[in-house]
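Model, not experiment: these values are computed from the prediction.
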Amino acid sequence: MRSDRMPEDVTLVAVSKTHAAETISQAIAAGATDLGENRVQEADAKIPLVGREAARWHLIGHLQSNKVRRAVELFDVIHSLDSAALARRLDRVCGEVGRKVLPVLIQVDLGKEATKSGAAETELPKIIEAIKQTQTLRLLGLMTLPPYFDDPNLTRPFFRRLRELRDELAAQGAFGEQSGQLSMGMTNDFEVAIEEGATMVRVGTAIFGERGSPTQT
């Protein structure tokens with residue numbers, strides 16, 4: 001690989017949104033260990049059929065406040081934390097349902113597209129401080145969803161900036177003793193993302209086949 005990265009350095013999150021439970025089970029049988037879903041409601045219909053313990057489930061889409069309780073029950077990792085208020089709500093619900101630890105990543109809005117969620121760079125200190133005040137949240141790293149380009153190299157500056165932010169925060173101890181995860185890269189641009197330091201790539205179409213808009217996974 002051009003990046004000289006080892007395969008074990010990057011977690012492949014197979015994005016299974018819009019695909020049936022049977023198809024997801026086949027992917028798990030073929031070796032997929034991490035599954036990503038965008039919508040809590042859709043995941044709620046499928047995860048019980050596939051098996052809550054059959055894989056590590058990642059929420060990679062925007063989390064609405066009225067879906068927090070079910071998200072806490074369904075998902076192992078949440079990639080889309082984007083506000084201090086959401087951090088506090090997740091922590092409160094974890095306490096209510098008896099969950100001891102919830103790994104999260106902060107979604108950073110680098111593309112500034114109206115259709116996508118995420119926190120501004122300037123909001124990161126406030127969100128990180130809120131996470132530190134919680135009893136259950138554990139900050140794993142950062143996530144971003146850059147604009148879609150036909151030329152994947154045009155996403156490179158966004159990935160590079162997320163890596164720079166991660167490095168700055170790691171130097172401040174935001175991730176404890178860990179260096180901080182980077183959740184970035186999809187079917188169209190995951191190779192560029194890996195070259196720029198991704199530790200998690202969210203790939204759907206290349207695994208499950210075409211479905212929906214190419215901007216999604």
Residues 177-185 side chain polar contacts: donor-acceptor under 3.5 Å, at least two apart:
| unit_1 | atom_1 | unit_2 | atom_2 | d |
| --- | --- | --- | --- | --- |
| Q181 | OE1 | T199 | OG1 | 2.6 |
| S183 | OG | H79 | ND1 | 2.9 |
| S183 | OG | R202 | NH1 | 2.9 |

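Taken from OG in S25 to CG in L49, the straight-line distance is 8.0 Å, to the nearest 0.5 Å. Residue L154 holds its CG atom at 11.0 Å from OH of Y148, rounded to the nearest 0.5 Å. For the atom pair CD1 of I194 and CD of E196, the computed distance is 11.5 Å after rounding to the nearest 0.5 Å. For the atom pair I207 CD1 and S16 OG, the distance stands at 9.5 Å (nearest 0.5 Å). For the atom pair CD1 (I127) and NZ (K132), the distance works out to 13.0 Å, reported to the nearest 0.5 Å. Put simply, CZ on R166 and CE on M143 are 15.5 Å apart, with the number rounded to the nearest 0.5 Å.
V101 and V104 sit in two unconnected hydrophobic clusters of ILVMFWY residues. Membership requires side-chain heavy atoms under 4.5 Å apart, directly or through other members. Residues I106 and L140 are members of separate hydrophobic clusters, defined by side-chain heavy-atom contacts under 4.5 angstrom among Ile, Leu, Val, Met, Phe, Trp and Tyr.
The side-chain contact (heavy atoms from CB on, under 4.5 Å) test applied to A20 returns T23, not counting sequence neighbours. Residues forming a side-chain contact (heavy atoms from CB on, under 4.5 Å) with R56 (at least two apart in sequence, or on another chain): T11, D34, H58, D76, V77, M200. Taking the salt bridge (charged side-chain N to carboxylate O under 4.0 Å, His left out) definition, one finds that E164 meets it with R161, sequence neighbours left out. Remark: K67 engages no residue in a salt bridge (charged side-chain N to carboxylate O under 4.0 Å, His left out) (not counting sequence neighbours). Residues passing the side-chain contact (heavy atoms from CB on, under 4.5 Å) test with Q133 are E129, sequence neighbours excluded. Scored by the side-chain contact (heavy atoms from CB on, under 4.5 Å) test, L169 finds L124, I128, L142, Q172, A174, F175 as partners (sequence neighbours excluded). Under the salt bridge (charged side-chain N to carboxylate O under 4.0 Å, His left out) criterion, D167 pairs with no residue at all, not counting sequence neighbours. Evaluation of the salt bridge (charged side-chain N to carboxylate O under 4.0 Å, His left out) rule for E96 yields R69 as partners, not counting sequence neighbours. Contacts of S117 classified as side chain to side chain donor-acceptor pair (under 3.5 Å), with partners at least two apart in sequence or in another chain: H62.
Using a distance-only test at 3.5 Å, with no hydrogens or angles considered, no donor-acceptor pair links the side chain of E168 to the main chain of L165. Side-chain atoms of R39 do not come within 3.5 Å of backbone N or O of Q41 as any donor-acceptor pair. Looking at T136, its side chain never comes within 3.5 Å of a backbone N or O of C94 through a donor-acceptor pair. With T33 contributing its side chain and A55 its backbone, the two residues share no donor-acceptor pair below 3.5 Å. D109 places a side-chain N or O within 3.5 Å of a backbone atom of K112 that can act as its donor or acceptor partner.
T155 is listed as a side-chain neighbour of D189, based on a closest heavy-atom distance under 4.5 Å. Side-chain contact check for F190 versus P152: every heavy-atom pair is 4.5 Å or farther apart. Put simply, the side chain of L139 does not reach to within 4.5 Å of the side chain of L105, judged on heavy atoms. No side-chain heavy atom of P157 sits less than 4.5 Å from a side-chain heavy atom of F159. Using a 4.5 Å heavy-atom threshold, the side chains of K46 and L35 count as separate. Annotation: side chain of I131 is in contact with side chain of L81 (closest heavy-atom distance under 4.5 Å). Within the 4.5 Å cutoff, the side chain of W57 has no heavy atoms near those of the L74 side chain.
Listed here is the closest heavy atom pair of P103 and R99: CD-NH2, 4.0 Å. Here the closest heavy-atom approach between residue F158 and residue G111 is recorded as CE2-CA, 3.7 Å. A87 approaches A130 most closely through the heavy-atom pair CB-CB, 4.4 Å. Here the closest non-hydrogen pair linking Q107 and S80 is OE1-CB, 3.4 Å. Of all non-hydrogen atoms in A71 and L59, the two that sit nearest each other are CB-CD2, 4.3 Å.
Legend: salt bridge (Lys or Arg N to Asp or Glu O under 4.0 Å) pairs involving residues 84-95, not counting sequence neighbours: none detected. Applying the salt bridge (Lys or Arg N to Asp or Glu O under 4.0 Å) test to pairs two or more places apart or on separate chains, none has a residue in residues 135-154.
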Show your reasoning for whether side-chain contact (heavy atoms from CB on, under 4.5 Å) applies to E121 and L110.
CA-CA 8 Å; E121 292 183 34; L110 298 178; 3.5 Å; yes
Dump the intermediate steps for side-chain hydrogen bond (donor to acceptor under 3.5 Å, both in side chains) on S83 and E123, then the final yes or no.
CA-CA 8 Å; S83 71; E123 297 175 312; over 6 Å; no
With side-chain contact (heavy atoms from CB on, under 4.5 Å) as the criterion, how do F75 and V40 come out once you've worked through the C-alpha distance, each side chain's angles and the decisive distance to 0.1 Å?
CA-CA 9 Å; F75 292 97; V40 175; 4.3 Å; yes
Intermediate values then yes/no, side-chain contact (heavy atoms from CB on, under 4.5 Å), V201 and V13
CA-CA 6 Å; V201 292; V13 179; over 6 Å; no
